[in-house]
Every structure is written in structure tokens, then in C-alpha cells.
Amino acid sequence: MYREKLDLMLGSAATAFGTSGAALQWWGQLGSLLLVGLNVILACAGLYLIWLRIRRARLELERVSRDR
């Protein structure tokens with residue numbers, strides 16, 4: 001259970017930091033295009049981690065329902 005929560009927290013944090021950083025740099029024109037790109041990649045990676053965790057949970061639920 002701890003590992004599952006850690007996966008979701010890590011994915012959420014990466015998504016939050018990536019999107020907030022990209023938004024601040026875009027709106028404030030504080031960063032270069034490279035930094036904006038890195039923040040977008042970080043946000044996408046966080047979303048991917050969350051998607052993987054949801055997919056794993058669904059597969060576990062299917063396996064449990066088949067075993068019953």
C-alpha cells in the first residue's frame with residue numbers, strides 16, 4: 001500500500017512541478033525555450049507514472065475478480 005501511494009505522489013508531484021514551472025516561464029517570460037521544454041517533459045513523465053499506476057491497479061483488480 002505504501003508503494004502504491006508513493007507512486008501516485010511521485011507522479012502527481014512531477015506533473016505539478018512541471019506544469020507550474022512551464023506556466024510561470026511561459027507567462028512571465030522568465031525562461032528559455034529549453035527550460036520550458038524540460039518542464040513539459042517533466043509534466044508528461046508525471047502523467048505517465050500516474051497512468052502506469054492506474055493501469056497496474058486495473059490489472060490487479062481484473063486478476064482478483066477472475067480468481068473469485
Side-chain angles (χ1 to χ4, degrees):
M1 186 69 170
Y2 174 75
R3 189 175 181 184
E4 297 165 358
K5 287 185 180 180
L6 185 63
D7 290 345
L8 286 175
M9 287 185 346
L10 179 65
S12 298
T15 303
F17 288 128
T19 54
S20 64
L24 285 174
Q25 288 174 358
W26 184 261
W27 289 332
Q29 298 173 354
L30 298 174
S32 67
L33 186 58
L34 177 64
L35 290 177
V36 172
L38 288 175
N39 282 324
V40 169
I41 289 171
L42 182 62
C44 291
L47 289 173
Y48 181 68
L49 287 174
I50 292 171
W51 176 79
L52 283 177
R53 178 61 204 125
I54 291 170
R55 182 173 171 233
R56 187 168 126 199
R58 285 183 181 162
L59 289 174
E60 288 174 5
L61 285 174
E62 286 178 9
R63 183 178 51 89
V64 168
S65 66
R66 275 187 281 151
D67 290 343
R68 289 185 183 184

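Quick note: residue numbers are just sequence positions, from 1.
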Quiz item: Below 4.0 angstrom, N of the basic side chain to O of the carboxylate: do E62 and R58 qualify?
Solution: no
Exercise. Show which residues join Y48 in its hydrophobic cluster (side-chain heavy-atom contacts under 4.5 Å, direct or indirect), or state none.
Key: W51, L52
Quiz item: R63 and side-chain contact (heavy atoms from CB on, under 4.5 Å): which partner among D67, L59, L61?
Solution: D67
Quiz prompt | Interatomic spacing from CG in L49 to CD1 in I54 - rounded to 0.5 Å | solution = 11.0 Å
